[in-house]
Student: 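Here it is, the structure in full.
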Amino acid sequence: RDLHSFPTRRSSDLVGRTLMTLLKIRKSKLIVPSFVLAMLVLLLACFLAYRQGGRNVAVEQWVRHTYEVLGELNATLSSMQDVETGSRGYVLTDEDSYLEPFNNAVRHIPQKIQHLRQLTADNPEQQRRIDALEPLISLRLQTAEADIVARRTRGLSVAEQTLSEGQGKWTMDQIRSVIAEMGTAENQLLQRRADELRASNAQTFAFSMALVVLLAGLLTAVLFLVRR
């Protein structure tokens with residue numbers, strides 16, 4: 001009876017070894033694709049991080065650019081205020097010390113306008129505002145210089161009469177209005193770019209988290225297959 005059962009046990013062992021071999025082959029076939037898929041997911045996550053980093057750099061550059069425009073607008077307005085204060089101070093006091101900030105402003109204002117044009121070259125609306133601002137600035141400078149000349153050549157009473165006519169004040173109010181409008185436009189651009197950056201970061205973060213979960217699942221599956 002033992003001799004008759006030996007071929008049966010031998011056949012069972014053979015079947016068992018065959019099944020184990022088939023399972024190992026099947027497991028090895030699953031491991032490689034799973035590992036490749038995990039690497040692809042990892043590469044995709046790295047690509048998304050790189051692309052988002054590029055977007056962030058671009059937006060940060062635009063933000064710095066917007067702050068530069070705002071700074072130049074403030075500097076231009078400050079120079080015009082120096083013109084107004086210097087010319088009025090000289091007319092009322094006949095003190096040459098008031099002409100120093102006036103002369104400095106007159107020298108630097110054309111450069112500031114040119115810089116504003118360069119900074120906003122990609123923005124037609126801002127360019128049109130500069131087109132409106134530039135003649136107003138020229139008119140205010142001419143008025144201030146005329147007030148100074150009147151004070152020097154015709155005395156205080158004539159110069160005060162010129163000041164009281166209010167042309168310089170009206171022009172300065174228009175300058176402030178245009179500069180404020182330009183500043184509002186730049187702040188709106190700044191807010192829009194910040195909103196776009198936050199939305200892009202949120203989308204990338206959500207997608208990256210999904211990829212991380214998928215990658216963790218794939219790696220867990222690979223480890224399970226290897227240790228099984």
Side-chain angles (χ1 to χ4, degrees), residues 58-197:
V59 172
E60 288 172 0
Q61 289 175 344
W62 277 114
V63 168
R64 286 196 299 269
H65 176 270
T66 301
Y67 279 121
E68 188 176 2
V69 174
L70 290 171
E72 198 64 60
L73 287 171
N74 289 331
T76 302
L77 179 59
S78 178
S79 294
M80 291 307 302
Q81 289 170 340
D82 288 341
V83 167
E84 187 174 40
T85 302
S87 60
R88 182 178 294 272
Y90 177 78
V91 166
L92 296 177
T93 66
D94 197 26
E95 292 289 338
D96 288 341
S97 59
Y98 283 99
L99 295 180
E100 183 176 352
F102 170 85
N103 292 328
N104 287 334
V106 170
R107 282 196 301 270
H108 292 109
I109 284 172
Q111 300 172 7
K112 296 181 185 303
I113 296 299
Q114 182 62 29
H115 193 204
L116 280 173
R117 283 197 178 277
Q118 293 172 353
L119 290 173
T120 60
D122 62 331
N123 191 326
E125 291 184 1
Q126 294 291 59
Q127 290 288 299
R128 285 193 291 270
R129 293 185 181 105
I130 294 174
D131 290 339
L133 179 64
E134 196 165 13
L136 289 171
I137 288 177
S138 297
L139 178 59
R140 185 64 188 96
L141 293 178
Q142 291 171 9
T143 303
E145 290 172 353
D147 292 341
I148 292 171
V149 171
R151 180 65 172 91
R152 282 176 176 168
T153 60
R154 304 173 65 184
L156 176 60
S157 60
V158 174
E160 283 183 332
Q161 182 180 356
T162 303
L163 288 176
S164 65
E165 292 175 357
Q167 183 178 5
K169 181 181 182 303
W170 179 88
T171 307
M172 194 65 192
D173 289 342
Q174 295 300 309
I175 290 171
R176 288 191 179 95
S177 177
V178 175
I179 289 178
E181 188 178 349
M182 293 182 69
T184 299
E186 290 297 324
N187 281 316
Q188 289 174 349
L189 283 174
L190 184 64
Q191 184 62 47
R192 187 175 69 189
R193 286 161 181 163
D195 291 342
E196 290 174 354
L197 179 60

Student: Rounded to the nearest 0.5 Å, what separates atom OG1 in Thr171 from atom CG in Leu139?
Tutor: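 So the gap between those two atoms works out to 4.0 Å.
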Student: Tell me, yes or no, whether the heavy-atom count around Glu125 atom CD, taken from other residues, nucleotides or ligands under 6.0 Å, exceeds 12.
Tutor: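 Open: at most 12 neighbouring heavy atoms sit under 6.0 Å from CD of Glu125.
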Student: Kindly compute the distance separating CG (Asn123) from CZ (Arg129), expressed to the nearest 0.5 Å.
Tutor: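 One gets 7.0 Å once the value is rounded to the nearest 0.5 Å.
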Student: Is there a donor-acceptor pair under 3.5 Å between the side chain of Gln127 and the backbone N or O of Thr120?
Tutor: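 The answer is yes, because a donor-acceptor pair under 3.5 Å joins these two groups.
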Student: If you look at every heavy atom in Val83 and Ala105, which pair is closest and at what distance?
Tutor: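 Shortest heavy-atom contact: CG2-CB, 3.6 Å.
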Student: Which of these, Asn104, Asp82, Ile137, sits in a side chain to side chain contact (heavy atoms under 4.5 Å, CB included) with Ile109?
Tutor: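 Result: among Asn104, Asp82, Ile137, Ile137 is the only option passing the side chain to side chain contact (heavy atoms under 4.5 Å, CB included) with Ile109.
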Student: Any non-hydrogen side-chain atom of Leu156 less than 4.5 Å from a side-chain atom of Asp94?
Tutor: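 Leu156 vs Asp94: side chains apart.
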Student: Between atom CD of Glu72 and atom OG of Ser79, what is the distance when rounded to the nearest 0.5 Å?
Tutor: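 The distance works out to 8.5 Å.
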Student: Are Arg64 and Gln61 packed together at the side-chain level, in the sense that at least one heavy-atom pair is separated by less than 4.5 angstrom?
Tutor: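 Yes; the side chains approach each other to less than 4.5 Å.
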Student: Determine whether the side chains of Gln114 and Arg117 contain a donor N or O and an acceptor N or O closer than 3.5 Å.
Tutor: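 There is no such pair between these side chains.
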Student: Ignoring hydrogens and angles, tell me if any N or O in the side chain of Gln126 forms a donor-acceptor pair with the backbone of Met182 under 3.5 Å.
Tutor: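 Present.
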Student: Answer yes or no: is there a side-chain heavy-atom contact under 4.5 Å between Glu145 and Phe102?
Tutor: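 Yes; the side chains approach each other to less than 4.5 Å.
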Student: Using modelled atom types only, decide if a donor and an acceptor are shared between the side chain of Thr153 and the backbone of Val149 within a distance under 3.5 Å.
Tutor: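 Yes; at least one donor-acceptor contact below 3.5 Å.
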Student: Could you give the distance from OG1 (Thr93) to CZ (Arg151), rounded to the nearest 0.5 Å?
Tutor: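 Thr93 atom OG1 to Arg151 atom CZ measures 7.5 Å (nearest 0.5 Å).
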Student: Could you state the interatomic distance from CZ (Arg193) to CD (Gln188), rounded to the nearest 0.5 Å?
Tutor: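 Between Arg193 CZ and Gln188 CD, I get 12.0 Å after rounding to 0.5 Å.
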Student: One thing to verify: whether Asp173 and Arg176 come together as a salt bridge, which I'm taking to mean a side-chain N less than 4.0 angstrom from a carboxylate O.
Tutor: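 The answer is yes: the pair qualifies as a salt bridge.
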Student: Any heavy-atom pair between the side chains of Leu77 and Asn74 that's under 4.5 Å?
Tutor: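 Heavy-atom side-chain distance check fails, nothing below 4.5 Å.
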Student: Is there a side-chain contact between Arg140 and Gln174 in this structure, where contact means two heavy atoms from C-beta onward sitting under 4.5 Å apart?
Tutor: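 No - every pair of side-chain heavy atoms lies 4.5 Å or more apart.
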Student: Below 4.5 Å, heavy atoms only, C-beta onward: do Tyr98 and Arg88 meet side chain to side chain?
Tutor: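 A side-chain contact under 4.5 Å is absent here.
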Student: Could you tell me if Asp195 and Gln191 have a donor-acceptor pair between their side chains, going purely by distance under 3.5 Å?
Tutor: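 The answer is yes; a qualifying pair exists.
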Student: Please lay out, stage by stage, how His108 and Lys112 fare under the test side chain to side chain contact (heavy atoms under 4.5 Å, CB included).
Tutor: CA-CA 6 Å; His108 292 109; Lys112 296 181 185 303; 4.2 Å; yes
Student: Which atom pair, heavy atoms only, marks the closest approach of Ile179 to Thr76?
Tutor: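 Heavy-atom minimum between the residues: CD1-CG2, 4.3 Å.
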Student: Could you give the distance from CG (Leu190) to OH (Tyr67), rounded to the nearest 0.5 Å?
Tutor: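 Rounded to the nearest 0.5 Å, the CG-OH separation comes out at 4.5 Å.
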